[in-house]
Amino acid sequence: MDFFTKAKSVKLKSRHNKYLAADADEESVFQDRSESSGGAKWTVEFVYEAENVVRLKSCYGKYLTALDEEFLLGVTGRKVVQTLPAKLDSSVEWEPIRDGMQIKLKTRYGNYLRANGGPPPWRNSITHDIPHRHHDWILWDVEVVEIRSESDLSEEDLRCSNFRVRLPSNVSSSSSEDSPRKYEGRVIYYYVVDDDGSVNVDDSVEEGACFQLKGNRLEDLIQKLEEETGLEDIIVCCRNRVNGKLYPLRLALPPDNAPMHVFIVPSTSTAANEFMPGAPTSPSLAQDL
């Protein structure tokens, strides 16, 4: 399946079930959960001077652009914005590389378009880099919005009709066509609570940063959450559905793979004192779920 071959416009859905969207400020890009957002639609343009390379134009007429500027000082991710350069150059060019039934979008300099999760300022941000972890954050589902008809094709488009999404060198075309990417495990939605333990989210809906976890060991969940957030010595909690209070997880996770909402209490926060040894015992996970 060649995702862009006949696409006039597309939407790109991240691993966090959010869409790559152009902000109304006509400069920023971010992740938006609403697929009806006009900013989530990107027009596909072929780059005729290069093989298997596209440009993506926002609804504001500007191109998805990989800058060399750091997103945050001292971290690896670099900024992705909307621009309309006087001369279209390699900063607005992306090479789609198929990975199962998804794609990676690679810059001309080897970085990948990445949808970030975690607490602010990472949450919903878009950067480009070469990930050392969270490799699935550079995977995108392509949803074709408009098909390119014959009347849309220019002479240059016809010359580019052999456009194909490149496969990784170690993957055959037959395996990637016939074998959708499989995910196993439960979805974990997580939230970092305020210093005083306040929780300002509704965990009855599927919002917030998330990832998939295999198995049901609490140790694996804690390790994964520390990797996701960059925090250490965290206390992982659930919320009592009756009184809304948090209680720490002490046991293995439920044996089924139902989604879970968990709340992260940093050990340095005031709220953590409530869960230190000697504090009143909270109801067990099995009783609450």
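- Residues Val92 and Leu113 fall into different hydrophobic clusters, defined by Ile, Leu, Val, Met, Phe, Trp and Tyr side chains chained together at heavy-atom separations under 4.5 Å.
- With sequence neighbours left out, Asp220 forms a side-chain hydrogen bond (donor to acceptor under 3.5 Å, both in side chains) with Arg217.
- At distances below 3.5 Å, at least one donor-acceptor pair connects side-chain atoms of Gln82 with backbone N or O atoms of Asp23.
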Practice prompt. Show your reasoning for whether side-chain contact (heavy atoms from CB on, under 4.5 Å) applies to Leu84 and Tyr60.
Written response: CA-CA 10 Å; Leu84 186 57; Tyr60 304 106; over 6 Å; no

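- Scanning all heavy atoms of the two residues, the minimum distance from Ala115 to His16 falls at O-NE2, 3.1 Å.
- Remark: Tyr63 engages no residue in a ring-ring contact (aromatic ring centres under 6.0 Å, His included) (not counting sequence neighbours).
- One distance of note links CZ of Arg78 with CG of Asp129; it measures 9.0 Å at 0.5 Å rounding.
- Across Pro131 and Arg114, no two heavy atoms sit closer than the pair CB-NH1, 3.7 Å.
- The residue from Gln212, Arg15, Gln102 that alone fulfils the side-chain hydrogen bond (donor to acceptor under 3.5 Å, both in side chains) condition with Asp136 is Arg15.
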Fill in: Step-by-step side-chain contact (heavy atoms from CB on, under 4.5 Å) determination, Val54 to Trp42
CA-CA 11 Å; Val54 298; Trp42 297 87; over 6 Å; no

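- A distance of 8.5 Å separates CZ in Arg123 from OH in Tyr191, rounded to the nearest 0.5 Å.
- Under the side-chain contact (heavy atoms from CB on, under 4.5 Å) criterion, Phe211 pairs with Ile188, Tyr190, Leu213, Leu221, Lys224, Leu225, Glu228, sequence neighbours left out.
- Remark: Asp233 engages no residue in a side-chain hydrogen bond (donor to acceptor under 3.5 Å, both in side chains) (not counting sequence neighbours).
- Counting only heavy atoms from C-beta outward, the side chains of Leu20 and Leu64 approach each other to under 4.5 Å.
- Under the side chain to side chain contact (heavy atoms under 4.5 Å, CB included) rule, Ile234 has a single partner from Val265, Thr268, Ile222, which is Ile222.
- Under the 4.5 Å side-chain heavy-atom criterion for grouping Ile, Leu, Val, Met, Phe, Trp and Tyr, Val81 is not connected to Ile126 through any hydrophobic cluster.
- For the residue pair Glu93 and Val47, the shortest heavy atom distance occurs at OE2-CG1, 3.6 Å.
- Distance check: Leu249 CG to Phe263 CZ gives 10.5 Å after rounding to the nearest 0.5 Å.
- Residue Pro96 comes nearest to Ile103 through the heavy atom pair CB-CD1, 4.4 Å, listed as atom of the first residue, atom of the second, then distance.
- Donor-acceptor pairing under 3.5 Å is lacking for the side chains of Ser34 and Asp32.
- The distance from atom OH of Tyr19 to atom CZ of Arg33, rounded to the nearest 0.5 Å, is 10.5 Å.
- Between atom CD1 of residue Ile97 and atom NZ of residue Lys104 there is a gap of 7.0 Å, rounded to the nearest 0.5 Å.
- Shown here are the side-chain hydrogen bond (donor to acceptor under 3.5 Å, both in side chains) partners of Ser9, two or more places apart in sequence or in another chain: Glu146.
- Listed here is the closest heavy atom pair of Ser125 and Phe71: CB-CZ, 3.5 Å.
- Legend: residues meeting side-chain hydrogen bond (donor to acceptor under 3.5 Å, both in side chains) with Asn124, ordered by chain and number and at least two apart, are Lys18.
- A chain of hydrophobic side-chain contacts below 4.5 Å, direct or via other Ile, Leu, Val, Met, Phe, Trp or Tyr residues, connects Leu218 to Leu231.
- By the criterion of side-chain heavy atoms lying less than 4.5 angstrom apart, applied directly or through intervening Ile, Leu, Val, Met, Phe, Trp or Tyr residues, Ile235 is grouped together with Leu246 in one hydrophobic cluster.
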Item to complete: Show your working on ring-ring contact (aromatic ring centres under 6.0 Å, His included) between Trp137 and Tyr112 and close with a plain yes or no.
Response: CA-CA 10 Å; Trp137 288 9; Tyr112 293 93; over 10 Å; no

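- From Leu139, atom CG reaches atom CG of Leu12 across 12.0 Å, with rounding to the nearest 0.5 Å.
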Discussion item. Using side-chain contact (heavy atoms from CB on, under 4.5 Å), reason through Lys13 and Glu143 one step at a time and then give a plain yes or no.
Written reply: CA-CA 8 Å; Lys13 191 175 184 181; Glu143 298 181 4; 3.7 Å; yes

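- Across all their heavy atoms, Pro266 and Ala272 have their closest contact at O-CB, 3.5 Å.
- Linking ILVMFWY side-chain heavy atoms closer than 4.5 Å, directly or via other members, places Leu88 and Val44 in two distinct hydrophobic clusters.
- By the 30° and 60° cut-offs, the orientation of the rings of Trp94 relative to His128 is perpendicular.
- The environment of Glu232 atom CD is sparse: at most 12 non-hydrogen atoms of other residues, nucleotides or ligands sit within 6.0 angstrom.
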